Amino acid sequence: VAAFVKSVPKPVWLISANHGAVDLTAGAFFIVLPYPKAKFDLSYLEITAIVLVNSLTASIVQPLFGYICDKKPRAWLMPLGCLVTAVTLPLAIFAPSYGIVLLLIGINGLGSASFHPLGAKTANLVTDYNRKGRSLSVFSMGGSLGAMAGSVYISALMKLGIGWHIWLYSLPSIVVALSMFRMIPD
């Protein structure tokens, strides 16, 4: 195990942690949905619209971010995307209206979409040819672990009620994003 860990470049581990922090939302998102449904007495069609907005902005927009980052590297999008996802999900929980929930979930999806193409590209670029498979698998694993942890983490926080402690959801992502900002060369 130690040899494997050492064989993956250190930046890949940090990018993988960033991937996990971004994908906390992927796990937390569906756990949070019953809250706006009850708070705003939403129909299933209105809940479906929230899921649709998330899917459109988090997935369908990714190729656009990939295209933009291929034209000119924008490494700052990785930690910025992480911060955006960290803040917008709790904001959506406290949103005063259904329209604001939709807006925040859309922004959240854009944060996720901005990270993924550049994160995968950077993990690939910082790894030599003979280690690309293991580095990209570590990158992918980070996202999967984040999605798994997100559902458990937000569930534990919401079990305590809806209050200031919901902001603890953002803490891991903020720490990782700040570490990523420090890694980016000037």
Side-chain angles (χ1 to χ4, degrees), residues 1-32 54-55 57-59 61-90 107-157 165-186:
V1 173
F4 176 81
V5 170
K6 287 182 182 179
S7 73
V8 175
K10 287 181 184 177
V12 172
W13 289 105
L14 185 54
I15 295 165
S16 177
N18 198 126
H19 192 186
V22 166
D23 282 2
L24 279 172
T25 298
F29 176 69
F30 292 101
I31 303 300
V32 169
N54 179 262
S55 295
T57 56
S59 301
V61 178
Q62 275 192 37
L64 175 62
F65 279 104
Y67 176 80
I68 290 168
C69 291
D70 281 347
K71 291 291 183 190
K72 181 179 179 192
R74 291 171 170 84
W76 51 269
L77 280 173
M78 289 185 290
L80 180 64
C82 188
L83 288 175
V84 166
T85 60
V87 173
T88 52
L89 188 67
I107 294 168
N108 184 284
L110 291 174
S112 177
S114 70
F115 167 77
H116 283 91
L118 189 58
K121 178 180 179 177
T122 305
N124 183 44
L125 287 174
V126 300
T127 305
D128 66 52
Y129 180 76
N130 293 327
R131 294 187 275 175
K132 288 194 185 290
R134 70 189 91 164
S135 288
L136 291 177
S137 68
V138 166
F139 169 79
S140 180
M141 177 189 68
S144 296
L145 291 174
M148 289 184 325
S151 61
V152 174
Y153 188 35
I154 199 71
S155 293
L157 292 172
H165 59 274
I166 292 296
W167 287 101
L168 293 173
Y169 167 83
S170 303
L171 190 60
S173 300
I174 291 169
V175 169
V176 170
L178 292 176
S179 298
M180 282 291 296
F181 274 121
R182 292 183 62 216
M183 182 187 87
I184 297 170
D186 294 328

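This structure is a prediction, so every number in the text was calculated from the model and none was measured. All residue numbers in this chain count up from 1 along the given sequence.
- With hydrogens and angles ignored, the 3.5 Å screen pairs no side-chain donor or acceptor of Tyr153 with any backbone N or O of Gly146.
- In plain terms, the two heavy atoms of Arg134 and Ser7 that are nearest each other are NH1-OG, 3.1 Å.
- Applying the side chain to side chain donor-acceptor pair (under 3.5 Å) test to every pair with at least one member in residues 17-31, sequence neighbours left out, gives these pairs: His19-Asp23, His19-His116, Asp23-His116, Thr25-Tyr169.
- The shortest heavy-atom contact between Pro90 and Ile166 is CB-CG2, 4.1 Å.
- At a threshold of 4.5 Å between non-hydrogen side-chain atoms, the residues Val61 and Leu110 count as touching.
- Note that CG of Asn124 and OH of Tyr129 are 11.0 Å apart. Values are rounded to the nearest 0.5 Å.
- Within a 6.0 Å radius of NZ in Lys132, other residues, nucleotides and ligands contribute more than 12 heavy atoms.
- Considering only residues two or more places apart in sequence or on other chains, Pro9 meets the side chain to side chain contact (heavy atoms under 4.5 Å, CB included) condition with Pro11, Val12, Thr127, Ser135.
- Residue Leu136 holds its CG atom at 10.5 Å from OG of Ser16, rounded to the nearest 0.5 Å.
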Run the side-chain donor-acceptor check on residues 63-83: report pairs under 3.5 Å with partners two or more places apart or on a different chain.
residue: Asp70; atom: OD1; partner: Lys121; partner atom: NZ; Å: 3.1
residue: Arg74; atom: NH1; partner: Ile68; partner atom: O; Å: 3.1
residue: Arg74; atom: NH1; partner: Lys72; partner atom: O; Å: 2.9

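- When all heavy atoms are compared, the tightest approach of Ser170 to Ala86 is OG-O, 2.5 Å.
- Atom CD1 of residue Ile154 and atom CZ of residue Phe29 lie 12.5 Å apart, to the nearest 0.5 angstrom.
- Between Leu157 and Trp167 the shortest side-chain heavy-atom distance does not fall below 4.5 Å.
- Taking all atoms of both residues into account, the shortest heavy-atom contact from Gly111 to Thr85 is C-CG2, 3.9 Å.
- In this structure, CE on Met148 lies 9.5 Å from CE on Met141, to the nearest 0.5 angstrom.
- In this structure the side chain of Phe4 reaches within 4.5 angstrom of the side chain of Val138, judged on heavy atoms.
- Thr122 places none of its side-chain heavy atoms less than 4.5 Å from the side chain of Phe139.
- The shortest distance between side-chain heavy atoms of Asn108 and Asn54 falls below 4.5 Å.
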Report the C-alpha separation of Ser114 and Val84 in whole Å, then their side-chain angles, then the decisive distance to 0.1 Å, and conclude whether the side chain to side chain contact (heavy atoms under 4.5 Å, CB included) test is met. CA-CA 10 Å; Ser114 70; Val84 166; over 6 Å; no
